[in-house]
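Lettering of chains follows the sequences in order, A, B, ..., and the numbering in each one begins at 1.
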Amino acid sequence: MNETTSNNISVDFIRNMIIEDNASDRFGGDVHTRFPPEPNGYLHIGHAKSICLNFGIARDFNGACNLRMDDTNPVKEEVEYIESIVADVKWLGFDWQDRFYFASDYFQKLYESAVTLIKKGKAFVCDLSADEMRAHRGSLTEPGKESPFRGRSVEENLALFEKMKNGEFKEGERTLRAKIDMASANIHMRDPVIYRIMHTEHHRTGKTWCIYPMYDFAHCISDSIEKITHSICTLEFEIHRPLYDWILDELELYHPQQIEFARLNLNYTVMSKRRLLELVRGGHVSGWDDPRMPTIAGLRRRGYTPEAIRNFCSVIGVTKFNSFTDIALLEHCLRDDLNKRSMRAMGVLNPLKVVIENYPDDQVEELDAINNPEDPAMGSRKVPFSKELYIDKEDFREVPPPKYFRLAPGKEVRLRYGYFVTCKDVIKNAEGEVVELRCTYDPHTKGGSSPDGRTVKGTIHWVSAKYAIDAEIRLYDRLFTCEDPSCDESREYTEFLNKDSLSIIGNAKLEPSLASAIPGVPYQLERVGYFCVDLKDSKKDNLVLNRTISLKDSWAKIQKAGK
RNA sequence: UACCCCGUGGUGUAAUGGUAGCACAAGAGGUUUUGGUCCUCUUUGUCUAGGUUCGAGUCCUGGCGGGGUAGCCA
């Protein structure tokens, strides 16, 4: 395959539109995007798609991408959210340099634009109440009726709008509306409200304003002010585009192109800010950063890497049709990245004591273990081996099923990086539970291979009982038991919460090197999964690990198929 | 039953009038000191009916199906 054919990787429809715009010199070759979240909640994986799209396009076309807080509704917005958004976008690996903006930065210009519209006879102050306005709006199938205040003179409108601004009216008493067409088939063009009265303090502008612009009015003008070329948003705003265009055309302002794409849906979770907020407020999760949450903060605490998320966003593509992406694809991207970068270690989740009968009582050997078979540069470490060990309960069966390669009475297995051991005896307690295994080891198999060429089918992980460190391990499963918890309108999505989405293991035993496990760094417990130090709850004397994701488990499949 | 958008394997996507490809998932096999990774192979697809064309997933028309829209939310 030559250079040209190998380069013909496909691009999404938005990038294609930009390529066409550049070809026709529509924006003089500029590409300027923006990511415009409303600071009323935490960012989630769906936002990551938009972030990767907007910042990714800027990168691909040598353009720029702004970060803009869409803060036009002070009753919903909080500083905590702004801070989390900034941290999350940064963590994802994107840089807006000095282009950090707020729609509220433009309140004065927005106000002046509204005045311009009034002067052009394209906006009027309306005294209709919210209910009356709804009644005048018509329906999806019937045209609306014009407001009785639609014919006010420019002077009167100007005076009234001034009074609105000066706080002379109560909330809801009056609005400023664009004068467009009450008979339009597009309800958003039926004289939409562009300013409303809110006697609410704004987190940035304080008490300066008591009128606030609506999204449709603020967004297009903000884009215009920032000289955005391509204003990318989700599908539900498609029907708003005629209004976006109308406002900019009437104001004769620089005019970006709005482009809509389908938002991300992931199965076995919910993605709306409203529902995520409810999960937090309802105590169904421990917070916005609960490792089960699809929020960026949750994924980060869970142990996801920015690279995995970015790669996922690239792999899912961008289209205009609504779809549901399989969480398995996200998990694949996660494992793919973690496999390459994770330091390996051994840890036992459900300890079963093993005594190596023929191993000297007080002997300790420091065995060599490879840190990452995928990356020799990560080197090796020493793991202590001694007479008493722990292995995982799952790795022993008194009566092994077919194809079971692990330890069983009379069977020989390899202890990873250790020795071949053979199970000689099984010790049970009064309840008949296996509590200890007596094994022998073959001193000639140090490191895990036998000089006589003998091989074993199974390799299991272990830790030295004497040198192991204790840890709490938190295992996570999907938050919901059904693929689309919000699909059934007659049932609350919370009914589908997975009761077993979190299980805590209090007595895990880890190899001593993990005592210095670094927060924010992924580890693989060999044969078990990927883990990370919990950012919040882990303490020096109380190690807490989150299981980011299990390893793929083909033995589980075999067992399942056998049933 | 208004207007707008959208229909490609199980899922997510590519093919810009010229061989329907990729990834995930699923399944089979191989390698392996992680039942991981890696490698090979297999199954499954253009919503439908017409039309244009030498040739249609692609263009046109109708139907069917899905989504969006009636906040002084974004």
Item to check | B:U19 to B:G27 separation - P atoms, rounded to the nearest Å | outcome: 33 Å
Checklist entry - What does A:N186 touch in the nucleic acid at a heavy-atom separation under 4.0 angstrom: a base, only the sugar-phosphate, or nothing? => result nothing
Checklist entry - Does the cation-pi check pass for A:K165 over A:Y111, that is, NZ or CZ under 6.0 Å from the six-membered ring centre and within 45° of its axis? => result yes
Checklist entry - What about A:H240, does its side chain sit under 3.5 Å from the base of B:A74 through a donor-acceptor pair? => result yes
Item to check | Gap between atoms CG and P, on A:L243 and B:U69 respectively (whole Å) | outcome: 16 Å
Item to check | Pair of N/O donor and acceptor under 3.5 Å linking B:G67 base with A:E238 side chain | outcome: no
Next on the checklist: Base, sugar-phosphate or nothing for A:R414? Non-hydrogen atoms, less than 4.0 Å.
Outcome noted: base
Checklist entry - Would you say B:G71 has OP1 or OP2 under 4.0 Å from some side-chain N or O of A:R137? => result yes
Next on the checklist: Among B:U34, B:G35, B:A70, which nucleotide has an atom closest to any side-chain atom of A:L140?
Outcome noted: B:A70
Checklist entry - Closer than 4.0 Å, any side-chain N/O of A:T72 to the OP1 or OP2 of B:A74? => result yes
Checklist entry - Once the angle between the rings of A:H240 and A:Y215 is folded into 0 to 90°, is it parallel (under 30°), tilted (30 to 60°) or perpendicular (over 60°)? => result perpendicular
Checklist entry - Is a donor-acceptor contact shorter than 3.5 angstrom present between the side chain of A:R406 and the base of B:G35? => result yes
Next on the checklist: With rounding to the closest Å, how many angstrom separate the C1' atoms on B:G12 and B:A26?
Outcome noted: 15 Å
Next on the checklist: Please classify the nucleic acid contact of A:K320 as base, sugar-phosphate, or nothing, using heavy-atom distances under 4.0 Å.
Outcome noted: sugar-phosphate
Checklist entry - Taking atom C1' of B:U37 as reference, at what distance in whole Å does atom CG of A:L551 sit? => result 9 Å
Checklist entry - Taking atom P of B:C24 as reference, at what distance in whole Å does atom CG of A:N311 sit? => result 11 Å
Checklist entry - What does A:L329 touch in the nucleic acid at a heavy-atom separation under 4.0 angstrom: a base, only the sugar-phosphate, or nothing? => result sugar-phosphate
Item to check | N/O (side chain, A:R527) to phosphate O (OP1/OP2, B:G35) under 4.0 Å | outcome: yes
Short N/O separations, protein against nucleotides 27-32 of chain B, under 3.5 angstrom:
from  : atom 1 : to     : atom 2 : distance (Å)
B:G27 : OP2    : A:K557 : NZ     : 3.4

Checklist entry - Are any side-chain N or O atoms of A:D71 and backbone N or O atoms of A:A103, one a donor and one an acceptor, separated by less than 3.5 Å? => result yes
Next on the checklist: Is there, by distance only and without an angle test, a donor paired with an acceptor across the side chain of A:R344 and the base of B:U34 below 3.5 Å?
Outcome noted: yes
Next on the checklist: From OH of A:Y212 over to C1' of B:A74, roughly how many Å is that when rounded to an integer?
Outcome noted: 16 Å
Checklist entry - For A:M189 and B:C3, what is the distance between atoms CE and C1' respectively, to the nearest whole Å? => result 13 Å
Checklist outcome for this item: A:D191 atom CG is separated from B:C72 atom P, nearest whole Å, by 12 Å
Please produce a list of atom pairs where a protein N or O lies less than 3.5 Å from an N or O of nucleotides 13-16 of chain B.
from  : atom 1 : to     : atom 2 : distance (Å)
B:U13 : OP1    : A:T319 : OG1    : 3.2
B:U13 : OP1    : A:S323 : OG     : 3.4
B:U13 : O5'    : A:I316 : O      : 3.3
B:U16 : O4     : A:N16  : OD1    : 2.7
B:U16 : O4     : A:N16  : ND2    : 2.3

